[in-house]
*Asks:* 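If you scroll down you'll find the structure; I have some questions about it.
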Amino acid sequence: MDTQLYDTVIVGGGPAGLNGALYLGRSRRRVLLIDSGDARNMAAGVMHNVLTNDGATIADFRARSRAELAAYDVTFRDDEVTSAGCDGDRVVVTTKESGTFHARTLLYAAGVRSVLPAVPGLADLWGRAVFECPYCHAWEMRARSFAVYGGNVPSECLAATLTVWSEDITYLSDRRVLPRDERDRLVAAGVPVVADGISAFKPHSEGVEVIFEDGRSAAFGALFLHLDIEPRVDPLRPWLQAPDLESVQTDERGRTSLPRLYVAGDLGRNMQQAAMAAASGGLAGMAINADLIREDRPGSLPEPPPPQPAR
């Protein structure tokens, strides 16, 4: 049983959690980082738009990050957090296999889950020929034909953005009736709409094959779509008492309305990109360090700004 009192337990070992650990480790804080290893971007295999790491594999980035953190008082546990809550002035974190841990603060950076439309074949192509972020993946697919799936979540703005990378874009509405503003934006972007129902997606030598309900098919170099997401906050539910962490975040440094709970990465207010997630982890690390200094040495630092209303 681990009886140490950590300054911070970090849940989530992606860019946000790792950078938070770096800031706190360099602040001479005792840190425990718990990571379940099933991050949202694992399907893509590589990361982009992070200087010196553009195109690096996610596995290599994480391994090198952990190696760098070995210089500081940062401990890692590869495990799944099952519950986290506050008991007085202590945070109690319970894991599936490693037991219970105690800390002064909790930085929650577990990310979100992508919810793919329930169209057969789509999940098998996710991260290989089906993508969400144009800035992360469109360069590798540039000049090919693109399909944009707008059957579940309206994606007309995504289609317009993709015109930078391809002049051949088709919008697939999968029988959904498009409201006028959505249709107008697609017309303005020069993107044609195919309204036919879709029965499946399949791998194709060009990228992805769309099988329509009437038996016809069409091949594209890649498929892009916007997704619904689910916040990965189940272990926090009894403590959180809110639908997500963004709604309780009170400043841009990851503080929340719940004392000792901080947020970083995709669960917070920042755009869901690796570089921005890492930046939010650093900001949260600085906030935690400053708040612990205030707790240990009252009056030594000015109080943080008053909470901002949730957006």
Side-chain angles (χ1 to χ4, degrees), residues 6-17 19-21 24 31-36 38-41 79-96 100-116 132 152-153 226-273 276-292 294-295 303-311:
Y6 293 93
D7 290 306
T8 305
V9 168
I10 299 175
V11 180
N19 209 34
L24 287 162
V31 179
L32 171 64
L33 191 152
I34 305 172
D35 182 33
S36 63
D38 60 345
R40 180 190 190 197
N41 62 351
D79 205 342
E80 179 183 347
V81 172
T82 56
S83 68
C86 197
D87 182 10
D89 61 354
R90 296 291 181 263
V91 173
V92 181
V93 179
T94 302
T95 62
K96 191 172 184 179
T100 299
F101 303 94
H102 297 83
R104 300 174 68 188
T105 59
L106 175 67
L107 174 55
Y108 204 81
V112 299
R113 293 186 183 91
S114 298
V115 182
L116 287 164
E132 181 173 25
N152 281 45
V153 181
H226 278 325
L227 297 173
D228 285 322
I229 58 173
E230 293 178 346
R232 301 179 63 176
V233 294
D234 287 348
L236 289 178
R237 287 298 181 195
W239 186 15
L240 183 58
Q241 296 183 347
D244 54 44
L245 277 163
E246 184 178 2
S247 63
V248 298
Q249 185 174 344
T250 60
D251 70 8
E252 297 304 324
R253 294 199 171 194
R255 294 183 177 92
T256 74
S257 58
L258 300 173
R260 304 189 182 278
L261 175 62
Y262 301 76
V263 60
D266 291 352
L267 286 166
R269 295 177 180 173
N270 293 282
M271 191 174 179
Q272 294 171 2
Q273 298 278 329
M276 298 172 192
S280 73
L283 288 170
M286 289 192 289
I288 290 169
N289 186 54
D291 291 347
L292 290 177
R294 289 188 189 94
E295 185 173 299
E303 290 298 312
Q308 301 175 13
R311 295 177 181 175

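All figures in this text were calculated on a predicted structure; none of them were measured in a lab.
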*Asks:* Assess whether atom CG of Asp89 is packed by more than 12 heavy atoms of other residues, nucleotides or ligands within 6.0 Å.
*Replies:*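 It does: Asp89 CG has more than 12 such atoms within range.
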*Asks:* Between Asp35 and Gly13, what is the shortest heavy-atom contact and its length?
*Replies:*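 Minimum heavy-atom separation between Asp35 and Gly13: OD1-N, 3.2 Å.
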*Asks:* Give the minimum heavy-atom separation between His226 and Glu132, together with the two atoms involved.
*Replies:*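 Smallest heavy-atom distance, with atoms named: CA-OE2, 3.7 Å.
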*Asks:* Under the criterion side-chain contact (heavy atoms from CB on, under 4.5 Å), I'd like the reasoning laid out for Tyr6 against Leu24: C-alpha separation, chi angles, the key distance, then a yes or no.
*Replies:* CA-CA 11 Å; Tyr6 293 93; Leu24 287 162; over 6 Å; no
*Asks:* Below 4.5 Å, heavy atoms only, C-beta onward: do Val153 and Asp228 meet side chain to side chain?
*Replies:*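 When only atoms from C-beta onward are counted, Asp228 and Val153 do touch, with a gap below 4.5 Å.
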*Asks:* Check whether any side-chain heavy atom of Asp38 sits under 4.5 Å from a side-chain heavy atom of Arg232, and report yes or no.
*Replies:*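 Touching, per the 4.5 Å side-chain cut-off.
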*Asks:* Check whether any side-chain heavy atom of Arg294 lies under 4.5 Å from a side-chain heavy atom of Pro304, and answer yes or no.
*Replies:*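 The answer is yes; the side chains approach within 4.5 Å.
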*Asks:* Side-chain contact, heavy-atom cut-off 4.5 Å: Trp239 with Val91?
*Replies:*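 The answer is yes; the side chains approach within 4.5 Å.
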*Asks:* Is there side-chain contact between Leu236 and Leu245, with heavy atoms separated by less than 4.5 Å?
*Replies:*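 SC-SC contact between Leu236 and Leu245 confirmed.
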*Asks:* Between Arg237 and Pro243 (side chain of the first, backbone of the second, donor and acceptor by atom type, cut-off under 3.5 Å), is there such a pair?
*Replies:*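 Yes; at least one donor-acceptor contact below 3.5 Å.
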*Asks:* If we ignore hydrogens and angles and just use 3.5 Å, is the side chain of Thr94 paired with the main-chain N or O of Ser83 as donor and acceptor?
*Replies:*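 A pair under 3.5 Å: no.
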*Asks:* Please report the closest heavy-atom contact between Gly111 and Asp266, naming both atoms and the distance.
*Replies:*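 Minimum heavy-atom separation between Gly111 and Asp266: CA-CB, 4.3 Å.
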*Asks:* What do the steps show when you test Gln249 against Ser280 for side-chain contact (heavy atoms from CB on, under 4.5 Å), and what is the final call?
*Replies:* CA-CA 12 Å; Gln249 185 174 344; Ser280 73; over 6 Å; no
*Asks:* Regarding Thr105 and Thr8, is there a side-chain donor-to-acceptor distance under 3.5 Å anywhere?
*Replies:*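 The criterion, which ignores hydrogens and geometry beyond distance, is satisfied for Thr8 and Thr105.
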*Asks:* Are Tyr108 and Leu240 side-chain neighbours, meaning at least one heavy-atom pair lies under 4.5 Å?
*Replies:*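 Side chain of Tyr108 against side chain of Leu240, heavy atoms only: no contact under 4.5 Å found.
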*Asks:* Looking at Arg255, Arg260, Arg253, which one forms a side chain to side chain donor-acceptor pair (under 3.5 Å) with Asp291?
*Replies:*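 Only one of Arg255, Arg260, Arg253 forms a side chain to side chain donor-acceptor pair (under 3.5 Å) with Asp291, namely Arg255.
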*Asks:* Can you confirm whether Thr95 sits close enough to Ile34 that some side-chain heavy atom of one is under 4.5 Å from a side-chain heavy atom of the other?
*Replies:*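 Heavy-atom side-chain distance check passes, below 4.5 Å.
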*Asks:* Keeping Asp244 on the side-chain end and Ser247 on the backbone end, is there a donor-acceptor pair under 3.5 Å?
*Replies:*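 Side chain of Asp244 to backbone of Ser247: a pair is present.
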*Asks:* Test side-chain contact (heavy atoms from CB on, under 4.5 Å) on Leu227 and Val115; report intermediate values, then the result.
*Replies:* CA-CA 6 Å; Leu227 297 173; Val115 182; 5.9 Å; no
*Asks:* Can you find a pair of side-chain heavy atoms, one from Leu267 and one from Val112, that are under 4.5 Å apart?
*Replies:*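 Heavy-atom side-chain distance check passes, below 4.5 Å.
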*Asks:* Under the side chain to side chain contact (heavy atoms under 4.5 Å, CB included) rule, collect the residues that match up with Ala284, sequence neighbours excluded.
*Replies:*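 Here the qualifying residues are Leu107, Ala264.
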*Asks:* Roughly how far, to the nearest 0.5 Å, is CG of Asp251 from OH of Tyr262?
*Replies:*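 Going from OH on Tyr262 over to CG on Asp251, the span is 9.0 Å.
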*Asks:* Between Thr256 (side chain) and Val248 (backbone), is there a donor-acceptor pair under 3.5 Å?
*Replies:*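 No; judged by distance alone, with no hydrogens or angles, the pair does not exist.
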